[in-house]
Protein chains: 2
Amino acid sequence: MADAPKKPPMTKDSLLPLLTAHVLAHGLGGASLRPLAKAAGTSDRMLIYHFGTKEALIVDLLGYIAKVYAAAIDAAMGGERAATRADVVARILAHGDAPAMQPFMRLWWEIVAGAARDLPGYQMAAQAMMGELLGWLEGQMPENDPDPAGGARYLMTMIEGTLMLSAVGHSDTALQGLLAGGLLPS
Amino acid sequence: MADAPKKPPMTKDSLLPLLTAHVLAHGLGGASLRPLAKAAGTSDRMLIYHFGTKEALIVDLLGYIAKVYAAAIDAAMGGERAATRADVVARILAHGDAPAMQPFMRLWWEIVAGAARDLPGYQMAAQAMMGELLGWLEGQMPENDPDPAGGARYLMTMIEGTLMLSAVGHSDTALQGLLAGGLLPS
DNA sequence: AAGCGAGTGTAGCAGTCGCTACATATCAGA
DNA sequence: TCTGATATGTAGCGACTGCTACACTCGCTT
């Protein structure tokens, strides 16, 4: 007869990916325990059992999301260095514009808003993700760049500004700004 | 005898400033009708009566906030033109860092997050505010600037990137980026 | 075999949510 | 004076919130 469907033990580590998928789809602010539990195949009862509190769950979840983001950055890092600063910008903006990244982008702005309000865990997760991105940028700077460290931070600021303006429907403004700054190829 | 405290008629226009004060203090996402009503000296019942729906109330409120922001920008616009692009940046960042602006900044990131999620009214309010800021920036560009239109958009992108990085505790990154871009005086 | 702690389902608590039904009160125009 | 629209308070609905109490089944050690 069919072997009993031996359920693997439920742990934080097995729950966090499922919870992440749910918040990517439905947002972080409006996430409540019962829908989260359903997405993870459990009950709110068990989420509280494993995390203790909804707040602790969110903090853990943000930390996990930051790690997922770091892994995604690492995976995208492979390619050879860019030849110019404009190429760096083009590469990263293409990455951010990819449809697969859009749920994450929507989530990102919620994290920024939470960080601005000092909600627990938000600042740390946001800082970790920005730190990861900065490291990636530094590694991508052209070899002959006169100031790789400062240049990476300069590009980072421009990129984040571009992403923000795009999020509110001012992507043309950002593109013209990049153009005026000599950061668009062609 | 004392004249009866003739209460002025309650209208949307009389409610919106009070509602604005409440969301500036307590945030937009977690705003629910009953606290909003108490802040405005009414009942949830009357908010629904005047606005029809909570969603309509939020849309109206966002439009009003955008107009308030535009008025604040106009009021701050007075001064003479800046001498350099760095001066423009310094002036506007000082404006954004002012303590009086911090509640608005916290609200701003919530508006961005809402716009990224296509919540009704958020995109429009955010676009209006960014358009107003862009107009102000264009008027502030140095007289001898070789490309005032493009330069304003360039500065706008850098400024918004700086504000975002500051919101998540990476203000040092942004400042070094501004420095590397030649946008910090001294 | 006895007992123990981890894990889990069911039921439910007290509270808040957006919103509505109903009863008035006020005031203008007919 | 009647009529109708505007305005306001009270009570409450059903859904949902985070969280807990209780009972139960396991796999394990003693």
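Predicted model only: the values in this text are computed from it and were never measured. Naming convention: chains lettered A, B, ... in sequence-line order (proteins, then strands); numbering from 1 in each chain.
- Heavy-atom contacts from other residues, nucleotides or ligands closer than 6.0 Å to NZ of B:K54 number more than 12.
- Surrounding CE of B:M105 are more than 12 heavy atoms belonging to other residues, nucleotides or ligands, all under 6.0 Å away.
- Between B:F104 and B:Y69, the two ring planes are parallel [angle under 30°; tilted spans 30° to 60°].
- Residues of residues 113-122 of chain B having a heavy atom closer than 4.0 Å to DNA chain D: none are found.
- Of the residues in residues 45-59 of chain A, A:R45, A:I48, A:T53, A:K54 come within less than 4.0 Å of DNA chain D through at least one heavy atom, sorted by number.
- Open room surrounds CE on B:M124; 12 or fewer heavy atoms of other groups in view lie less than 6.0 Å from it.
- Judged as a salt bridge (charged side-chain N to carboxylate O under 4.0 Å, His left out), and not counting sequence neighbours, B:R81 has no contacts.
- Applying the 3.5 Å distance criterion, the base of C:dC17 shares no donor-acceptor pair with the side chain of B:D44.
- Nearest heavy-atom pair across A:G182 and A:A86 is O-CB, 4.3 Å.
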### Message
For B:I58 and B:T53: C-alpha separation, side-chain torsions, deciding distance, then whether side chain to side chain contact (heavy atoms under 4.5 Å, CB included) applies.
### Response
CA-CA 9 Å; B:I58 297 294; B:T53 292; over 6 Å; no
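- Every residue was checked against the side-chain hydrogen bond (donor to acceptor under 3.5 Å, both in side chains) condition with B:E160, not counting sequence neighbours, and none meets it.
- DNA chain D lies under 4.0 Å from at least one heavy atom of each of the following residues of residues 15-42 of chain B: B:R34.
- For the side chain to side chain contact (heavy atoms under 4.5 Å, CB included) test, residues two or more places apart in sequence or in another chain that qualify with B:S171 are B:S166.
- Considering only heavy atoms from C-beta on, B:L36 comes within 4.5 Å of B:L57 through its side chain.
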